[in-house]
Protein chains: 2
Amino acid sequence: MKKVTGRLTLPSEANFLEQTKEMMARLGADALRDSDGTKLPEEVKDLDAQIYTTYFVAREHNDFARKHLSERQQCYLMTEFVTAEGKTLSIPLLRGFFEQQIELDLLHDPVKYWQVIDRTTGETVLPEQWRFDEATGTVLLRTAQPYHQYTVDFLAYIAWDPTSMYNHLTNDWGDREHQIPFNAMAPNSSAFMEAELERWLRENPKTDIVRFTTFFYHFTLIFNDLAREKYVDWFGYSASVSAEAMDAFEKEKGYRLMPEDIVDEGYYNNPFRVPSRAFRDYLDFLSRFVAEKARRLVDLVHRYGKKAVMFLGDNWIGTEPYGRYFAQIGLDGVVGSVGDGVTLRLISDIPNVAFTEGRFLPYFFPDTFYEGNDPSVEAQKNWLTARRAIMRKPVQRIGYGGYLSLAYQFPRFTSYIERIADEYRDILSRIEGQRPYTFAKVAVLNCWGELRRWQPYIVAHGKWYKRCYSYMGMMEALAGMDVEVVFLSFDEVAERGVDSSVDVIINAGDAGTAWSGGTAFGDARVTEALRRFVYEGGGLIGVGEPSALPREGRYFQLADLFGVDREMGFSQSTNRYFNQAQPAHFITQDEPGPIALERFGEPVTNLYATDAQTQILSAQGGEIQMAAREVGEGRSFYVTGLPYCPENVRLLKRAIHYVARRERQLCRYYAEPAGIEVAAYPQIRQYAVLNNGTEPCEGVVYDGEGRPAKVHLAPGEIRWFEE
Amino acid sequence: MKKVTGRLTLPSEANFLEQTKEMMARLGADALRDSDGTKLPEEVKDLDAQIYTTYFVAREHNDFARKHLSERQQCYLMTEFVTAEGKTLSIPLLRGFFEQQIELDLLHDPVKYWQVIDRTTGETVLPEQWRFDEATGTVLLRTAQPYHQYTVDFLAYIAWDPTSMYNHLTNDWGDREHQIPFNAMAPNSSAFMEAELERWLRENPKTDIVRFTTFFYHFTLIFNDLAREKYVDWFGYSASVSAEAMDAFEKEKGYRLMPEDIVDEGYYNNPFRVPSRAFRDYLDFLSRFVAEKARRLVDLVHRYGKKAVMFLGDNWIGTEPYGRYFAQIGLDGVVGSVGDGVTLRLISDIPNVAFTEGRFLPYFFPDTFYEGNDPSVEAQKNWLTARRAIMRKPVQRIGYGGYLSLAYQFPRFTSYIERIADEYRDILSRIEGQRPYTFAKVAVLNCWGELRRWQPYIVAHGKWYKRCYSYMGMMEALAGMDVEVVFLSFDEVAERGVDSSVDVIINAGDAGTAWSGGTAFGDARVTEALRRFVYEGGGLIGVGEPSALPREGRYFQLADLFGVDREMGFSQSTNRYFNQAQPAHFITQDEPGPIALERFGEPVTNLYATDAQTQILSAQGGEIQMAAREVGEGRSFYVTGLPYCPENVRLLKRAIHYVARRERQLCRYYAEPAGIEVAAYPQIRQYAVLNNGTEPCEGVVYDGEGRPAKVHLAPGEIRWFEE
């Protein structure tokens with residue numbers, strides 16, 4: 001039988017032709033790409049493969065950029081908090097920033113584009129009371145209030161593209177030139193981008209696929225005066241602003257943004273913030289601009305008979321792949337980095353493109369590929385977590401990046417990714433276009449809804465955060481679970497209620513954040529709709545501080561539904577009698593004893609049961625960790641946190657069955673122990689049993705009728721059954 | 001040498017004359033009292049002792065009360081939260097309450113005195129939309145919003161005095177009559193109270209001291225439908241309201257209170273709540289009424305040649321011993337229960353009385369005095385913690401309560417309290433009227449200031465609370481430390497700044513509470529004054545969540561002063577580089593290694609240092625527990641919590657020295673290890689060395705010049721030195 005090939009992109013490089021051919025054959029690769037720091041030589045471009053070429057729209061053209069420094073990209077920054085010790089105050093603007101990255105904007109009127117704020121009163125200081133001193137790079141307050149603290153929101157130029165800077169500093173590139181980012185909204189840059197792309201397209205006939213990395217604006221990545229990372233937000237729009245953008249926004253939306261609408265008390269409107277109307281408007285404004293401008297580039301690419309894909313990262317700001325303007329860009333595909341199941345789904349669920357491609361880890365770089373290390377360990381972990389998600393919604397292609405010559409020296413690794421490639425293609429050959437079996441429709445409720453599908457709790461892409469892992473684990477569980485996952489915003493709930501197709505709503509996050517909802521729970525339409533949903537039979541799951549908003553005698557506004565609330569110091573006078581855990585429950589049936597506290601993630605302290613109807617499922621160390629409740633026709637489940645592990649995936653799966661009143665369906669396409677999962681495709685009468693672990697596993701598999709059968713699975717094995 | 005006697009009150013009882021005489025002689029008692037459940041027989045009253053007689057003003061007169069049921073005391077209560085599932089709703093008023101304690105008020109117009117609130121919107125439901133159904137004891141909403149939650153604030157009668165009820169239920173008093181509390185603001189009750197007292201005074205010529213227990217209104221103590229405690233707040237004013245009070249308030253203050261001003265979302269304006277203007281007005285209104293009315297009773301007592309004291313507890317609401325009306329009552333003394341140093345100072349600091357008296361523990365009741373138990377253990381713990389505070393500010397008398405005949409059977413106990421009595425009198429003979437040595441003036445800053453001197457963090461008097469012990473330990477440390485302690489309110493700071501005599505300000509408490517200040521930190525005058533204080537050389541200490549109020553980019557509004565802030569989820573994008581503990585610091589110099597986490601009390605998580613200038617003094621388990629900082633001319637110290645233990649007392653003492661820049665004074669009147677303390681009286685050139693522990697202790701004592709000398713102290717020993 002002929003080996004199935006394709007769906008796989010490999011990097012290549014100069015002086016590596018024969019080994020490239022060998023690797024292509026072994027892995028069945030049908031595409032080759034360049035990477036950061038590598039260029040494909042002509043002889044590689046002539047191989048029987050689709051050629052991806054990375055293209056930078058807004059940097060890597062310093063000859064142009066140097067001539068138009070006034071068109072460099074800009075950003076809004078906030079100074080440090082500075083205390084007035086007397087009646088005047090000097091606020092240094094650039095203190096704490098990296099002088100090679102950030103330059104003051106001396107061209108645009110500070111009065112028009114800056115904002116000085118008394119952070120002690122919250123008031124904006126009138127322009128008459130301050131002036132910018134160019135010589136010292138400070139703002140001088142003529143009439144400061146002694147012992148108030150002040151900040152300045154100011155517009156600056158970005159002198160060095162952040163990714164270029166990051167790679168340069170990380171890899172010690174010495175005096176290699178700093179790439180200057182330029183602004184698509186500025187006239188010369190805008191024209192240059194198109195002309196230069198067209199010139200490039202003409203000169204690169206062997207490129208089949210233009211890989212935009214990405215379009216115009218970088219996520220917020222600011223370094224400090226020690227050349228170390230100061231601020232990173234993968235979603236940050238702060239580096240998409242400019243004097244032009246501020247003016248164009250006013251024209252389009254009919255009102256003027258304040259710098260503080262972007263700077264946002266120094267939180268820079270990161271997605272954890274409940275978004276203001278002004279920031280939403282700006283996001284909309286910028287996304288429309290990006291889509292329109294990107295569309296012109298994509299059209300050019302198509303005119304030259306090539307395909308256009310974008311890399312979801314770097315300069316992806318404004319592309320919002322789940323936003324209303326994304327389809328207009330007309331891209332053929334999206335490539336993104338896959339770190340786990342969530343990031344796989346973040347890519348694979350993107351609509352309106354012909355294909356999505358996951359760039360798997362590890363990247364072929366010396367940080368992983370060094371003597372004595374076995375990169376196949378990371379590859380396996382990466383694959384096994386991503387595979388769960390692929391079973392739910394596959395990417396159409398996979399790929400790798402970096403130096404192929406480096407990976408080539410690790411035979412254990414190359415044979416492992418050979419196995420991945422074959423396994424991936426086998427999966428795709430079976431399930432592409434199929435609807436996997438689902439037992440429930442689950443809606444994740446937060447301020448962003450579908451716009452930020454699979455994106456909650458991400459700060460810097462791929463990095464672990466102490467306040468996030470407890471929620472991320474829940475998302476990761478869902479990414480590979482046999483449920484349909486939708487993302488619901490509070491606006492939708494307020495305006496239209498909860499769609500009757502939804503079985504379970506999950507609200508998860510820290511108090512006050514956009515994920516838990518914060519002020520959204522002050523909107524009676526929201527609490528009313530959620531209460532109605534549960535009373536009429538819906539399931540509700542809360543993680544962490546769901547519905548938290550201290551008002552009207554409650555901390556959790558839906559404490560009545562969850563059956564637990566959090567003592568914040570005001571109701572200690574009320575005796576709490578109902579905090580004893582009950583011995584047995586459907587949700588905890590798989591647990592041999594008390595669940596280790598680490599399984600619940602970051603502690604949420606001082607919870608109490610509202611009354612005797614609350615079923616406490618875990619109470620340890622004087623605290624409650626988990627509870628369930630019947631409310632009206634519906635049910636709820638609460639847990640402090642769910643870091644990712646097979647047992648927590650199972651716990652969540654059981655909880656969803658419980659709140660959806662589908663306990664009897666649990667053993668349909670099911671397996672035990674928790675390390676094994678089943679993905680079923682009833683239309684083709686097949687189901688797969690996946691060992692997600694790296695050890696052999698004995699278990700029991702249940703088919704669609706709940707009939708058990710013993711299985712023994714090799715490490716990481718996927719085994720297919722026909723019905 | 002003749003034995004010094006006096007300053008001691010003992011309980012006595014019937015059929016116990018000879019032993020009473022014996023105990024009086026052994027303990028040097030000069031006063032005898034009755035107790036709950038005991039009466040002094042005539043022959044005891046004839047002994048050579050001052051006779052205290054407990055007098056109940058507003059209960060224990062059921063013959064009167066039964067005839068005036070409409071004048072029973074009242075309270076504002078809130079129903080449970082009830083969810084509307086349809087367009088009408090019935091809210092049961094008494095569900096969850098104890099029917100023997102609470103009765104609906106059928107006399108006063110619900111429209112005028114009740115308040116129905118839609119807790120989903122926060123709006124008050126108009127009276128046209130509801131009615132009270134007397135037959136079912138429910139409020140019926142005609143036009144409910146489906147899936148909103150509602151509550152009713154309603155006025156009820158208290159059918160059973162809470163202390164009488166508590167004792168009755170605790171001691172299983174069966175069918176003994178329930179004491180009915182009546183309302184001093186109602187005309188018949190008001191007149192009766194005076195007439196009855198006068199009659200009683202006439203009939204009790206042998207009483208020397210009338211011990212009011214107490215005056216008119218009980219702190220809030222509500223039981224549930226299982227006859228168990230439902231709500232207890234030692235400061236609660238909810239049971240001081242009545243239709244009369246609501247009307248009189250309007251007359252006096254010129255506006256009408258809403259029931260919700262008392263009910264306060266079900267938090268019932270407990271002292272942890274930042275007090276509203278309306279509640280403060282009510283407190284003032286009631287305190288004035290109580291003082292005026294109590295004055296009339298005290299005058300009567302004086303007219304009969306007796307003294308009047310009040311017991312600080314039970315019906316003490318409105319007496320506010322540190323309030324502006326207390327002096328007007330004209331009391332001779334105050335008696336209060338002493339559980340520790342804080343409660344000792346709470347009594348001993350009371351101004352405007354000739355004497356204060358501490359009733360020490362254990363109470364001579366069978367719960368402690370039973371076979372096999374050694375009550376002297378509790379007595380010793382009680383004495384050793386209270387003694388520290390006595391050294392700072394003594395009560396003029398001590399005493400015990402309960403059944404003397406019971407204590408008499410425990411010779412180890414009676415000889416221990418004999419020793420206490422002698423030791424106490426010896427201390428008083430030396431220090432009464434002296435100013436003890438202090439090294440700093442410390443101001444505890446919260447919403448209540450001096451009005452609630454030594455009262456912060458108390459929920460139910462004498463009970464441990466999870467969210468309080470971390471702060472209570474700090475208060476307990478101060479109660480016996482060689483510092484002058486004042487209590488400062490935010491209003492004072494806002495209006496007048498910080499007095500220059502203050503060396504150190506302490507702000508301690510959970511976020512949003514009256515103790516940490518909550519919204520007070522939104523007042524620029526407050527933060528400005530505190531910042532000025534520190535910049536000009538003052539010391540600032542924060543415990544828990546000091547200055548917490550999420551606004552303007554900060555969670556701790558004084559993060560710049562403390563050098564730490566708390567990550568609440570919004571600034572995770574900002575890298576934190578400065579969270580490593582430094583190896584050595586003046587404050588931690590006594591600590592042999594990392595401090596056990598229990599020493600820091602309840603965790604305050606996700607703290608971070610604002611910059612490199614912050615000195616981290618403890619960082620364990622990925623969290624910061626303690627930090628210090630130099631700011632301007634001043635200094636700050638932050639700690640998550642300080643449960644009471646000798647080592648934490650020492651830590652706080654060092655921290656106060658540090659922030660007050662008095663490190664070099666530390667060894668003046670000082671001792672090591674932490675279990676030994678020194679109290680010095682420079683005017684009389686004496687100082688005492690106290691072993692606060694129950695084990696012998698070897699240590700070093702430093703005199704006023706810092707000269708060390710070895711000491712060996714017996715368990716609990718106090719040793720005096722002359723200079």
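- Of the possible polar contacts, none joining the B/Arg532 side chain to the A/Pro146 backbone as a donor-acceptor pair under 3.5 Å is found.
- Side-chain contact check for B/His148 versus A/Thr527: every heavy-atom pair is 4.5 Å or farther apart.
- Heavy-atom minimum distance, A/Tyr231 versus B/Thr574: CD1-OG1, 3.4 Å.
- Neither the backbone nor the side chain of A/Arg576 comes within contact range of chain B; no heavy atom of the residue lies under 4.5 Å from a heavy atom of that chain.
- Residues satisfying the salt bridge (Lys or Arg N to Asp or Glu O under 4.0 Å) test with B/Asp233, not counting sequence neighbours, are none.
- How far OH of A/Tyr267 is from CE of B/Met568: 9.5 Å, rounded to the nearest 0.5 Å.
- Heavy atoms closer than 4.5 Å to chain A are found nowhere in B/Asp264, neither backbone nor side chain.
- Going from atom CD of A/Glu229 over to atom CG of B/Asn575 covers 4.5 Å, rounded to the nearest 0.5 Å.
- Rounding to the nearest 0.5 Å gives a distance of 11.0 Å between CG of B/Leu561 and OH of A/Tyr147.
- For the atom pair NZ of A/Lys230 and OG of B/Ser573, the computed distance is 13.0 Å after rounding to the nearest 0.5 Å.
- Interface remark: A/Glu123 contributes no atoms to any contact with chain B (heavy atom separation under 4.5 Å).
- Counting heavy-atom pairs under 4.5 Å between each of B/Asn606, B/Asp510, B/Asn270 and chain A puts B/Asn606 at the top.
- Within 6.0 Å of OH in B/Tyr166 there are 12 or fewer heavy atoms belonging to other residues, nucleotides or ligands.
- For B/Tyr268, no part sits under 4.5 Å from any heavy atom of chain A, backbone or side chain.
- Contacts of A/Asp523 with chain B are absent, with no heavy-atom separation under 4.5 Å from either backbone or side chain.
- A/Val232 touches chain B through backbone and side chain together, each having a heavy atom under 4.5 Å away.
- For A/Asp565, there are no salt bridge (Lys or Arg N to Asp or Glu O under 4.0 Å) partners at least two apart in sequence or on another chain.
- Going from atom OG1 of A/Thr120 over to atom CD of B/Glu528 covers 7.5 Å, rounded to the nearest 0.5 Å.
- With chain B as the partner, the residue from A/Glu602, A/Lys466, A/Glu265 showing the most heavy-atom pairs under 4.5 Å is A/Glu265.
- When each of A/Phe272, A/Tyr465, A/Tyr577 is scored by its heavy-atom pairs under 4.5 Å with chain B, the top score falls to A/Tyr577.
- Neither the backbone nor the side chain of B/Leu530 comes within less than 4.5 Å of any heavy atom of chain A.
- Heavy-atom pairs under 4.5 Å with chain B peak, among A/Lys463, A/Glu536, A/Gln557, A/Glu567, at A/Glu567.
- With chain B as the partner, the residue from A/Gln145, A/Met78, A/Arg228, A/Glu260 showing the most heavy-atom pairs under 4.5 Å is A/Arg228.
- Using a 4.5 Å cut-off between heavy atoms, A/Ile117 touches chain B through its side chain atoms alone.
- Using a 4.5 Å heavy-atom cut-off against chain A, the contacting residues of residues 79-87 of chain B are B/Phe81, B/Thr83, B/Glu85.
- Considering OG1 of A/Thr121 and CZ of B/Arg525, their distance stands at 13.0 Å, rounded to 0.5 Å.
- Under the salt bridge (Lys or Arg N to Asp or Glu O under 4.0 Å) criterion, the residue pairs touching residues 543-559 of chain B are A/Arg119-B/Glu552, B/Glu545-B/Arg566, with sequence neighbours excluded.
- Nearest approach of B/Gly569 to A/Arg467, heavy atoms of both residues: N-CD, 3.9 Å.
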